[in-house]
Amino acid sequence: MNIQTSYIISHLSKGMRLDGRKPDEHRKIEIEIGPIEQAEGSARVKLGGTEVIAGVKLEVKEPFSDTPNEGVLMVNTELSPVASPEFELGPPRETAIELARIVDRGIRESHCINTEKLCIKVGEKVWMVMVDIQPLSHEGNLIDASGIAAIAALMTAKMVKYDEAGDKVIYEKTDESVPLDDIPVPVTFGIIDGKLIVDPTLEEEESMDGRLTITTNEAGDVCAMQKGGACSLTFELIEQAAEMSIKKGKEIRELIRQSL
Amino acid sequence: MNIQTSYIISHLSKGMRLDGRKPDEHRKIEIEIGPIEQAEGSARVKLGGTEVIAGVKLEVKEPFSDTPNEGVLMVNTELSPVASPEFELGPPRETAIELARIVDRGIRESHCINTEKLCIKVGEKVWMVMVDIQPLSHEGNLIDASGIAAIAALMTAKMVKYDEAGDKVIYEKTDESVPLDDIPVPVTFGIIDGKLIVDPTLEEEESMDGRLTITTNEAGDVCAMQKGGACSLTFELIEQAAEMSIKKGKEIRELIRQSL
Amino acid sequence: MNIQTSYIISHLSKGMRLDGRKPDEHRKIEIEIGPIEQAEGSARVKLGGTEVIAGVKLEVKEPFSDTPNEGVLMVNTELSPVASPEFELGPPRETAIELARIVDRGIRESHCINTEKLCIKVGEKVWMVMVDIQPLSHEGNLIDASGIAAIAALMTAKMVKYDEAGDKVIYEKTDESVPLDDIPVPVTFGIIDGKLIVDPTLEEEESMDGRLTITTNEAGDVCAMQKGGACSLTFELIEQAAEMSIKKGKEIRELIRQSL
Amino acid sequence: MTTYKRNDGRKLDETRPIKMKVGVLKHADGSALVSIGKTVALAAVYGPRELNPRHMQESDRAILQCNYTMAPFSTKERVRPGPSRRSTEISKVTREALEPALFLKDFPKTTIDLYIVILQANAGTRTAGINAASLALADAGIQMRDLVTSIAAGKIEGHYVIDLNGEEEELTDCDLPIAYMPREKKFTLIQMDGKITKEDMKNVIKLAVKGCETLYEHQRKALLEKWSKEGFE
Amino acid sequence: MTTYKRNDGRKLDETRPIKMKVGVLKHADGSALVSIGKTVALAAVYGPRELNPRHMQESDRAILQCNYTMAPFSTKERVRPGPSRRSTEISKVTREALEPALFLKDFPKTTIDLYIVILQANAGTRTAGINAASLALADAGIQMRDLVTSIAAGKIEGHYVIDLNGEEEELTDCDLPIAYMPREKKFTLIQMDGKITKEDMKNVIKLAVKGCETLYEHQRKALLEKWSKEGFE
Amino acid sequence: MTTYKRNDGRKLDETRPIKMKVGVLKHADGSALVSIGKTVALAAVYGPRELNPRHMQESDRAILQCNYTMAPFSTKERVRPGPSRRSTEISKVTREALEPALFLKDFPKTTIDLYIVILQANAGTRTAGINAASLALADAGIQMRDLVTSIAAGKIEGHYVIDLNGEEEELTDCDLPIAYMPREKKFTLIQMDGKITKEDMKNVIKLAVKGCETLYEHQRKALLEKWSKEGFE
């Protein structure tokens, strides 16, 4: 075990973290709505030193054949080197793909997007909602920053127009919002020395054994979970994380609402 | 020349092979029909220690513009590392592509598939018959194992339904078979020291100069040939291989029939 | 600075080049029309020891949604190792892409192709004009050789037939030409020691600081410019290059006309 | 809870029929074939073996490389060959579900390569793959803290059900796969899709743990069978 | 010349509103955010740092590697991630626009890596990217012959106009972006799309140079701001 | 057999017009341009030269690397650039058709790189490519056991015909390309598509051999031409 890890663990045994936070405390969360005018919706989120932009774009596509009357959601992440010297150019790898899929799953499984309202013509044309996440600074816990940015961007996204005759999208925002019924929020816990720390920093990520992300919704239901990293965890720890994720999710949901 | 090669050649000069077979003898062939329920047709073939599964899937596609009333055949092979430590992950390379194309050509050129019966709507929708081959164990002569598995899978494949209104395939097997009129069978010969050995093992493959595959059909016609490896061969050897491929093809065709 | 470069510069200070040309002199240009019968149009161009073939093919595609009544031009270059030991197999890299885009831009921006005449059915079907450039020998200044070959191939290209019922192209040349109204010609200058040399050879390319390509049309207008290489240049040099490019462009245009 | 009839007649806490066999591939250092209902997973292990290129080596431990693939014919709609976003994620969570059971520090600079092929898919492919992989690792003689077992559970019409089949996957309120080390009583994979209360979630996990204990017996039996056979040979 | 009304009310030789800020990214050695009208470019510089693999090293100088990307949400129609022919070409001309300002021979065997992300696009993304990149290089403390400034000019309805916006790009007879070192009075990028006379071309270039001089003041101010702040901290 | 009229007026055993020229590319170590009817193949050879990366080297012999490509404009429907399944297979069988003629053991650790570009395609591209490649190898001064010649034959309406053209390819019962070393009397490529009896097959092969002998004369003449020219220079 390296020195940093021992240091983190010894602090944690006294209920403290290196940056002075309590184990169940998020870093300061700042949410800016609409930084990207060209996008149908967008949000910039700072989680301490971690910063991401999420942008929503709409396209018209053929629906999947098993859901001919439903629009489609796609979440995509590119880990650009601007955000961290550790990120490399090239097609998304494991980390970027998992990140996008955790955010995607939280949104999808909460059914917050009313996909049936995104149908233009059954079996032929539906709206595809693309959420792209661009990290600007990675100082730990990109998952929560991305999840918050994604839902905030969606909540403020406006529909554009579809010109059926010309079969093309007219990129002029209308007054109509992207149909959204819920606010799923992911909360990520670092697992270190058998303990949970919410919203880990980059140095904590380097020392921790693994992580657990739980996404909850307005009603306090659990919509998605994902363990990451080469750790194992007990039932009690999962229980504890579930409790906390509901509580922290509520706080963050309130912050998002205030930022609108 | 390494020791193994000398050993094989010296045995061969006495009409013997290392595993006791005669030069014109296949290893034991076992054919299991239908191991993959989800596939429209499937077969598992063991050729001694070599083992492959072939699965048939049907899709609906636009026809090629020069054959607007004909369905399409596609054979594909992935050489997964499960079958041999020499195989690597990644897109199919030379060996996998040649393997798939030899099997493909034997089936295609025998015209055993009645492609006109696979037309749904001229110029718009035809069935695409995809045969995927998954080797499970490579101990030599993947070509014959794959060719036998492919034709056995096709012979037992059932059509599924196409929902024209919804433009999608309903994956429920019908009683109707994939329209098949012939049974092409590839027979592969190793060429070593100017002699032919049918169905080479992995160690024979490592020592041999090259190979010749001849696919014949029910009527004893030749449908496809392919020489492989950095060898040259005489007219007499080709003649001899053609004779043998007809004879061995007949035996294998019988085995396939019995397995149905 | 290496010896070759000093040598070139010292020659140039006396208004001379290593191969005896004057700074504003092209190598001998030979244009052969129609070397590729299968192509709708083709031309082989020799520029001293540099040689390229350009071939024009037509396809039918959906138009872009913002230009529903216009055909589409695409220029593509593959730098095959046959032309130079420095070229490698694989997808086009920076150099090949820039080369294609410079040629493309010159043609596109001169509006020499009447893209509206290439519309078959508004919003549904238009002709796509594909110009592929295959260098055969690279001894410097592939840009001009490619640009001349591309426009010569286009000038002699014939339309083929589109079978609307069968939605396919019948590759039989008609008497009708690809609709062309102008003859854009790129002229490339090497920049070395603050001086311009037209049509640089390979050894000059290795020694020069950068290059400037200016494409001009029949009327003597400038249609496209592109600086390449890690050099900087003065306004006067740009002015001088513009003058010369109009003059040299005119000469080359005449040569092209004579070759038809 | 007794009123709900599962579409295949199973009890709520009953897994589909399970078949497990180890040592099924001749060329791998370890291998296993696992079928759970109509889902069939094949796993092959090579290693620990030297890792090339060298710059990927870890000086103080082995790395585990894991690749999950679906055979093109394994599903209703043919699976396009090559990695997808889904298969990349499953390869990752599978690796992370197995790593806690291994003593990677025992084999510095090496790699253990694990290949999982889903031959037939009817729900639960990632969990079947983990069960097969765990057996293949054991078959390769690689020492493990515990076998890793894996299964999903869910909730249909108010009832907790284990080991969802393809049709149940459409009906369930949640799909919650876990990987679990039964002797260690530790979870090594947790994922969930769905929308359920915290209480439901706990109950679903508990039911999945029960399933893992069943699977554990099957795994042990499969290993025992192989070892006893080898004894005779 | 005074009769033409630009669609956003600007004077013919007036750029859109400009904002420049350096040191905006914590993890890069140098960075800058530049917005010109609705176009927003972010640049990050790493290096000079050792270049791997070694066979790419130049024994007598540093290499500059440059990657220009558009964020998927930066335009009306979403940009598909991954390199395109357009972005590959822009990466190349951007690199070649900056190299003349650098003393690459001072750092043999190393690389300077430059990443440009267009966060929002409304015409002039390559020029905004070059302005940001030039600032980011300065922010990284890399010595430069001169700052590189960049802007496009064009000609609409007989009038020379600077810094075309998205709608003007549709109307102009030509789009002529330049990069320029104001103290050196040298051009490091010249491109043009359009069809204009030689005289027009010269006038358009002259106007663009004037714009670069304006941008130069903004760049200097942005660097000064950062340096004065650092002085206080 | 005399009753069948070929669409281009040829006799049954007559090849299309043949043109062969060696030394056509300045930058390759060897090169040749071969046209057979409307099919035109260009081949370039580099090497034997050191092979990098080193781990690909064979300690006791040279490797032959072969790449067959069709120019995008070579066919009726444009060929998409980049390798296809077809071109990958042809590259392989071409390599294997040439290897038997080479003394690869003479050049350990090196590579001979062979590039074939089909400039125009009207049936018989792989055989034209092999003829060109064989000449290019000879032109590069690489010692060979024999020249490799290559041509296809077929059977149309009961008649054996040599060197099928594009329209004949649609009509033939089989398309049987061979590569052949005439002095050695050995086959180095055999492929066949079609459906014919064993007897037919033998006759078709015999006819193809006859064609190869014709090609052999053309190849020798082309080499002689070049050598005699060089003598004068």
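Any value given below was found using the heavy atoms of this structure, including those in side chains, with hydrogens, waters and symmetry copies removed. A, B, ... follow the sequence lines: proteins, then strands. Residue 1 opens every chain.
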Checklist entry - Non-hydrogen atoms of chain E under 4.5 Å away: do they reach the side chain of Ser80(A), the backbone, both or neither? => result side chain

Checklist entry - Considering heavy atoms only, which positions within residues 108-118 of chain E lie below 4.5 Å of chain A? => result Tyr115(E), Val117(E)

Checklist entry - Considering only heavy atoms, which portion of Leu58(A) lies under 4.5 Å from any heavy atom of chain E: side chain, backbone, both, or neither? => result neither

Checklist outcome for this item: Value for NZ (Lys57(A)) from OG (Ser74(E)), rounded to nearest 0.5 Å, stands at 8.5 Å

Checklist entry - Quick one: of Gly82(E), Ala44(E), Pro81(E), who has the most non-hydrogen atom pairs under 4.5 Å with chain A? => result Pro81(E)

Checklist entry - So which bits of residues 152-180 of chain A come within less than 4.5 Å of chain E, counting non-hydrogen atoms only? => result Tyr171(A)

Checklist entry - Crowded around Glu30(A) CD? As in, over 12 foreign heavy atoms under 6.0 Å? => result yes

Item to check | Heavy-atom neighbours of Arg21(A) CZ exceed 12 at 6.0 Å | outcome: yes

Next on the checklist: Counting only non-hydrogen atoms closer than 4.5 Å, can you tell me which residues of residues 24-40 of chain E sit against chain A?
Outcome noted: Leu25(E), Lys26(E), His27(E), Lys38(E)

Item to check | Distance, nearest 0.5 Å, that separates CG of Leu42(E) from CD of Gln134(A) | outcome: 8.0 Å

Item to check | Residue-level interface, residues 62-72 of chain E with chain A, non-hydrogen cut-off under 4.5 Å | outcome: Asn67(E), Ala71(E), Pro72(E)

Item to check | Straight-line distance of Phe73(E) CZ to Ile36(A) CD1, nearest 0.5 Å | outcome: 5.0 Å

Checklist entry - If you look at every heavy atom in Gln120(E) and Glu37(A), which pair is closest and at what distance? => result OE1-N, 2.5 Å

Checklist entry - Is chain E contacted by the side chain of Leu136(A), its backbone, both, or neither, given a heavy-atom distance below 4.5 Å? => result both

Next on the checklist: Please determine whether side chain to side chain contact (heavy atoms under 4.5 Å, CB included) holds for the pair Met128(A) and Arg78(E), giving the CA-CA distance in whole Å, both sets of side-chain angles, and the decisive distance to 0.1 Å.
Outcome noted: CA-CA 11 Å; Met128(A) 184 166 189; Arg78(E) 178 175 181 263; over 6 Å; no

Checklist entry - Crowded around Lys46(A) NZ? As in, over 12 foreign heavy atoms under 6.0 Å? => result no

Next on the checklist: I need the residue from Ala39(A), Pro81(A), Pro92(A) with the largest number of non-hydrogen atom pairs under 4.5 Å to chain E.
Outcome noted: Pro81(A)

Next on the checklist: Tell me whether Glu206(A) at atom CD has more than 12 heavy atoms from other residues, nucleotides or ligands lying less than 6.0 Å away.
Outcome noted: yes

Checklist entry - Counting heavy atoms not belonging to Phe103(E), are there more than 12 under 6.0 Å from its CZ? => result yes

